[in-house]
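Reviewing the structure listed below.
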Amino acid sequence: MAAPTERCRRSRGFAGCPPTTRPRWWLALLLVSVSSLPAVTALVDGLYCGTEVCYDVLGVSREAVKLDIARAYRQLARRYHPDRFRPGDPGSEGETRESAHKKFLLIATAYETLKDEDTRRDYDYMLDHPEEYYQHYYTYYRRQLTPKVDVRIVILVTICAISIFQYYSWHSSYNEAINYLVTVPKYRIQATEIAKQQGLLNRTKEKGKNRRSKEEIREQEEEVIRDIIKNKIDIKGGYQKPNVSDILLIQIVLSPYYLTQYVSWYASWFYRFTFCREEYGEEDKFYIIRRNMKMSQSQFDGIDENTRQSFLEKQLWIKENYELYRKEQEEEMKVKMATDPRMKRYRRWMKNEGPGRLTFVDD
């Protein structure tokens, strides 16, 4: 019969056998690994003063005020500034120009960190809570990458730039319209007649040094005709004469005035025509007609006077009359398109050829 110890060795867990002690080598390995991990520290390369404490760099305590920090920075800057550093000076033993330059940059970084209240608050929080790595990185780079210029100044400069471009664009369009109208015979003849009536084109015989060439006389006449067209003609729409009050900056500045004016006008309109039941005046009727036609004020002003008077005769400020007028206009347009030879040719071309059909024609 085998001994009890031999039987227990062969069959683990046998009844009557003492419990075996398993090896604890894995627990020892875990303890060694944990002990070898680096301790949590708030001093990280790339943040503020790196692995140095900014207070120690300047030689001040965490309770130091701004005056003490500035005084310590000036003393150290005078000693380590590249233009003033001299190897061998008292207090600079063992320092080279390269090491002094690096130390000066570290001193400047420490001063920039501690002189600003918000940055100093973030730095103190990092020293007190070293475990929040990601939060420290986010706070540091957010403050570093945030624009130092006030956002209000950026918005103001942007609005001014847009307003200048807007006015320049309008002025260029207006000049293009004037240059075109100068070449139109209808307006050119009228401007020439006005200039002759005003005595602006009366050529006086000039002799001696005051005599001008034909080119100079022609240029002066062109300038006179251009000025008359510019002053007499009233251009509407996108080519109208630019007005400073229409640019974005002035519109924003005057927006409270425009808003107040609109509210007072709307209250007056409601009181007169809804509450008191007054009759519409001519300008009021034109406003309702323009609103029904969904036209801007400049577009409506471009309509000739006879057409506008016909709107009043047809009482288009009444909704039912305007709907009837709109349907009549649509029917007239359909008839015109059906009888117009150009539209017939266009429909025939679309039917037979079309924009996407390939044809081969012999030359």
Side-chain angles (χ1 to χ4, degrees), residues 116-118 142-181 226-227 229-305 307-312 315-323 325-326 329:
D116 183 72
E117 292 294 337
D118 296 333
R142 183 195 63 180
R143 194 171 297 280
Q144 290 291 323
L145 300 177
T146 300
K148 300 297 187 288
V149 183
D150 194 348
V151 178
R152 293 169 295 182
I153 298 178
V154 176
I155 295 175
L156 179 60
V157 172
T158 304
I159 293 175
C160 292
I162 293 174
S163 301
I164 293 173
F165 176 78
Q166 189 179 30
Y167 185 80
Y168 176 77
S169 177
W170 287 350
H171 196 271
S172 300
S173 300
Y174 176 71
N175 287 333
E176 289 179 4
I178 295 297
N179 293 334
Y180 170 74
L181 294 175
R226 179 185 175 85
D227 291 340
I229 292 177
K230 184 185 296 185
N231 296 328
K232 295 295 183 179
I233 199 167
D234 186 17
I235 305 176
K236 299 296 183 181
Y239 292 92
Q240 64 183 356
K241 188 175 182 179
N243 193 352
V244 179
S245 61
D246 293 334
I247 63 176
L248 179 61
L249 179 61
I250 304 301
Q251 290 288 319
I252 293 176
V253 172
L254 297 179
S255 58
Y257 168 74
Y258 292 144
L259 180 61
T260 305
Q261 192 178 32
Y262 175 76
V263 170
S264 61
W265 172 85
Y266 186 81
S268 175
W269 181 279
F270 180 82
Y271 175 77
R272 290 171 55 198
F273 303 117
T274 304
F275 186 76
C276 298
R277 302 291 183 178
E278 293 184 8
E279 293 291 336
Y280 292 122
E282 183 175 309
E283 292 298 328
D284 304 324
K285 294 176 182 178
F286 279 139
Y287 168 74
I288 299 176
I289 294 172
R290 180 174 64 82
R291 187 179 62 182
N292 291 336
M293 293 182 173
K294 298 179 180 179
M295 299 175 64
S296 64
Q297 185 64 49
S298 59
Q299 290 174 334
F300 193 77
D301 292 340
I303 301 175
D304 60 277
E305 188 64 27
T307 306
R308 295 172 64 180
Q309 290 299 323
S310 67
F311 293 162
L312 294 178
Q315 298 182 353
L316 296 186
W317 66 88
I318 301 175
K319 192 68 175 177
E320 293 77 10
N321 295 345
Y322 172 73
E323 290 296 332
Y325 169 79
R326 184 177 62 82
Q329 292 295 316

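Note: hydrogens, waters and symmetry copies are ignored here, and every other heavy atom, side chains too, is used. Numbering of residues begins at 1 and proceeds along the displayed sequence. On a predicted model such as this, the values are computed, not experimentally measured, just so you know.
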To the nearest 0.5 Å, how far apart are [atom1] in [X] and [atom2] in [Y]?
X      : Y      : atom1 : atom2 : value
Tyr174 : Asn179 : OH    : CG    : 10.5 Å
Leu249 : Leu254 : CG    : CG    : 9.0 Å
Arg277 : Phe275 : CZ    : CZ    : 10.5 Å
Leu316 : Ile288 : CG    : CD1   : 11.5 Å
Ser255 : Ile250 : OG    : CD1   : 11.0 Å

Measure across [X] and [Y] and return the closest heavy-atom pair with its distance rounded to 0.1 Å.
X      : Y      : value
Phe286 : Gln309 : CZ-NE2, 4.4 Å
Glu278 : Phe273 : O-CD2, 3.5 Å
Ser163 : Leu248 : OG-CB, 3.7 Å
Ile247 : Tyr167 : CG2-CB, 4.0 Å

Atom [atom1] of [X]: over 12 foreign heavy atoms under 6.0 Å:
X      : atom1 : result
Glu279 : CD    : no
Lys285 : NZ    : yes
Phe165 : CZ    : no
Tyr258 : OH    : yes

Worksheet item: Quick one: are Phe311 and Arg290 in side-chain contact, heavy atoms under 4.5 Å?
Response: no
Donor-acceptor contact present, side-chain [X] to main-chain [Y], <3.5 Å:
X      : Y      : value
Ser169 : Gln166 : no
Tyr322 : Asn292 : yes
Ser268 : Trp265 : no
Gln315 : Asn321 : no
Asn243 : Asp246 : no

Item to complete: Could you go through the side chain to side chain contact (heavy atoms under 4.5 Å, CB included) check for Arg226 and Ile229 one step at a time?
Response: CA-CA 5 Å; Arg226 179 185 175 85; Ile229 292 177; 5.9 Å; no
Item to complete: Walk me through it: do Tyr287 and Tyr280 pass the test side chain to side chain contact (heavy atoms under 4.5 Å, CB included)?
Response: CA-CA 10 Å; Tyr287 168 74; Tyr280 292 122; over 6 Å; no
Fill in: Verdict with supporting geometry, Ile289 and Leu312, side chain to side chain contact (heavy atoms under 4.5 Å, CB included)
CA-CA 9 Å; Ile289 294 172; Leu312 294 178; 4.2 Å; yes
